[in-house]
Every structure is written in C-alpha cells, then in structure tokens.
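One structure below.
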Amino acid sequence: EEDKKFFTILKQYYISKNMDIALAENVESQLTTGDTALLQYFNKRGELDWKTYSWKDGYCLLPHYDEYDELILFGIYYSDIDGDSPSEFLDVWDDTLKYRYNKDGYGFKLIDSPQPHGFKEIPIAYKRWDVAWNKVQKPIEDFELHTSLWAESVRYYGDPLLFLKG
C-alpha cells in the first residue's frame, strides 16, 4: 500500500517538474562529457526539485565508492563568486547529510554545519560512460595524423610550379 502511494506521488512529481527535461539534459551531458549527475533536493518551499550537474557547466563530479562499488559519498567541486572574489567550493552528500566546504590556502574547510537533505540515501543519480564519438575517435585521430604528415611532406618535398604563358 505504501509503495502504491509513493509511486503515485512519484508520477505526479515526474509530470509537475517536467522530468523529461531533466532526462534530456542528463543524456546530452553524458554523451558530450562522459558523465552526468542528477540531484534531487527539497527547495525552500519544501517541494521536491532537481538540478543537473555536468563538467560542461563547470562542475567536477566526484563519486566515492566502497570496496563493493556502493556509492558512499558524492562530491561536487566548483568555483563561484563569493562576495567580490571567486571561491572554490566542495559540496558533499552522504546518506543523511550535505556538507559544504570552502577552499582556502591550506585545503578545504567546512563552512556551514552539515544539513540533513531529507532522503534515506544519497539524493544523486550519477552516470559515467563513453562519449558519443568514442567509437570513431581513433579514425578521427588517424585522419588528422595522416593529413598533417601529408601536408608536411608536400611542404618539404613539393616543388612549386611556375607556369609562364606568353
């Protein structure tokens, strides 16, 4: 009974938050950069919301697994403007809490007290896989190499032709 209720809530959330957009953003991110993360969170009004993180948007995604390949921590490293100067941050999620660190001259320092994120597990779906052009990368590199070698050969051995008509 509880599963049916949760499934109904999940379907309503999927429609109301336009999760097709989240899916499209994550697929595009994974195919272009090789990895993507989808964060589920509660906004300031207490409503469930989502955000996509990707390397192309300036985020470094840092999953941490245990010896059984279970995700135990997830970090997102990024730069942001803090006041007038840029700062580097590291947000870390575990099963119950979110931690925020700020990078200073000596490493990372916890800047806020850990906040509960409201989920029973890490609220991030993470995917790392090959980029879309991975299967054709080797032929592309070979073509570029041979084009470069051919151009160098023509430059070194080729004689310019002088054609006079008169």
Side-chain angles (χ1 to χ4, degrees), residues 2-104 107-141 143-144:
E2 187 175 324
D3 287 341
K4 288 181 181 179
K5 181 181 175 187
F6 179 72
F7 183 69
T8 303
I9 292 170
L10 190 62
K11 281 183 4 183
Q12 291 170 351
Y13 166 73
Y14 189 92
I15 293 167
S16 70
K17 291 298 179 180
N18 207 356
M19 290 300 291
D20 290 329
I21 302 282
L23 177 64
E25 285 181 6
N26 278 272
V27 168
E28 177 189 2
S29 170
Q30 191 279 314
L31 290 175
T32 56
T33 63
D35 64 353
T36 188
L38 177 68
L39 169 67
Q40 304 280 330
Y41 67 95
F42 292 103
N43 63 23
K44 293 180 181 178
R45 295 183 307 272
E47 299 169 341
L48 195 57
D49 213 343
W50 59 269
K51 179 172 173 59
T52 298
Y53 290 95
S54 171
W55 179 264
K56 71 181 174 117
D57 298 324
Y59 298 101
C60 184
L61 307 177
L62 308 165
H64 184 71
Y65 298 95
D66 65 8
E67 64 271 15
Y68 305 108
D69 288 334
E70 294 289 327
L71 186 64
I72 57 173
L73 291 172
F74 194 91
I76 298 177
Y77 175 72
Y78 59 97
S79 295
D80 199 2
I81 303 297
D82 185 23
D84 293 332
S85 61
S87 295
E88 297 176 27
F89 295 96
L90 175 64
D91 294 344
V92 178
W93 288 264
D94 65 10
D95 285 342
T96 56
L97 299 172
K98 176 191 174 192
Y99 307 85
R100 173 164 278 180
Y101 297 90
N102 188 3
K103 187 174 185 181
D104 60 12
F108 286 95
K109 187 183 289 186
L110 188 64
I111 56 174
D112 292 328
S113 61
Q115 300 293 320
H117 52 64
F119 295 93
K120 295 179 182 176
E121 58 187 48
I122 298 172
I124 295 177
Y126 176 71
K127 175 72 174 171
R128 175 173 285 173
W129 198 251
D130 291 336
V131 292
W133 63 86
N134 194 49
K135 292 182 180 179
V136 296
Q137 185 64 37
K138 178 75 170 112
I140 290 170
E141 290 171 359
F143 175 76
E144 290 172 349

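Fair warning: this is a prediction, and the values are worked out from it, not measured in the lab. In what follows, every heavy atom counts, from backbone to side chain, and hydrogens, waters and symmetry copies are set aside.
With contacts defined as side-chain heavy-atom distances shorter than 4.5 Å, the pair K103/Y77 qualifies. The shortest distance between side-chain heavy atoms of W93 and I124 falls below 4.5 Å. The closest side-chain heavy-atom distance from D35 to T33 is below 4.5 Å. Within the 4.5 Å cutoff, no side-chain heavy atoms of I72 are placed close to those of D94. Side-chain contact check for T96 versus P116: every heavy-atom pair is 4.5 Å or farther apart.
Looking at residues two or more places apart in sequence or on another chain, you find a side-chain contact (heavy atoms from CB on, under 4.5 Å) between P63 and Y65, L71, F74, Y126. In this structure Y101 satisfies the ring pair (Phe, Tyr, Trp, His ring centres under 6.0 Å) test with no other residue, sequence neighbours excluded. When the side-chain contact (heavy atoms from CB on, under 4.5 Å) test is applied to Q115, the partners found at least two apart in sequence or on another chain are S113. By the salt bridge (charged side-chain N to carboxylate O under 4.0 Å, His left out) test, K44 pairs with no residue at all, sequence neighbours left out. For K135, the salt bridge (charged side-chain N to carboxylate O under 4.0 Å, His left out) test picks out no residue, with sequence neighbours left out. With sequence neighbours left out, the side-chain hydrogen bond (donor to acceptor under 3.5 Å, both in side chains) criterion links E144 to no other residue. Among residues two or more places apart in sequence or in another chain, the ring pair (Phe, Tyr, Trp, His ring centres under 6.0 Å) test is passed with F42 by F119. The side-chain hydrogen bond (donor to acceptor under 3.5 Å, both in side chains) test applied to Y78 returns D91, R100, not counting sequence neighbours. In this structure Q30 satisfies the side-chain hydrogen bond (donor to acceptor under 3.5 Å, both in side chains) test with no other residue, sequence neighbours excluded.
Applying the salt bridge (Lys or Arg N to Asp or Glu O under 4.0 Å) definition to pairs two or more places apart or across chains, none involves residues 58-70. Among residues at least two apart or in separate chains, salt bridge (Lys or Arg N to Asp or Glu O under 4.0 Å) pairs with a member in residues 108-125 are D104-K109.
Here the straight-line distance linking atom CG of L39 with atom OH of Y59 works out to 10.5 Å at 0.5 Å rounding. The distance from the CG atom of L73 to the CD1 atom of I122 is 6.0 Å, given to the nearest 0.5 Å. Summarising the geometry, atom CD1 belonging to I76 is positioned 9.0 Å from atom CG belonging to L90; distances are rounded to the nearest 0.5 Å.
Between Q40 and L38, the closest heavy-atom pair is NE2-CD2, 3.5 Å.
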Under 3.5 Å, side-chain donor or acceptor atoms of residues 51-58 against the rest of the protein: list the pairs with distances, not counting sequence neighbours.
residue, atom, partner, partner atom, Å
T52, OG1, E25, OE1, 3.1
T52, OG1, N26, ND2, 3.1
S54, OG, S29, OG, 2.7
S54, OG, K56, N, 3.3

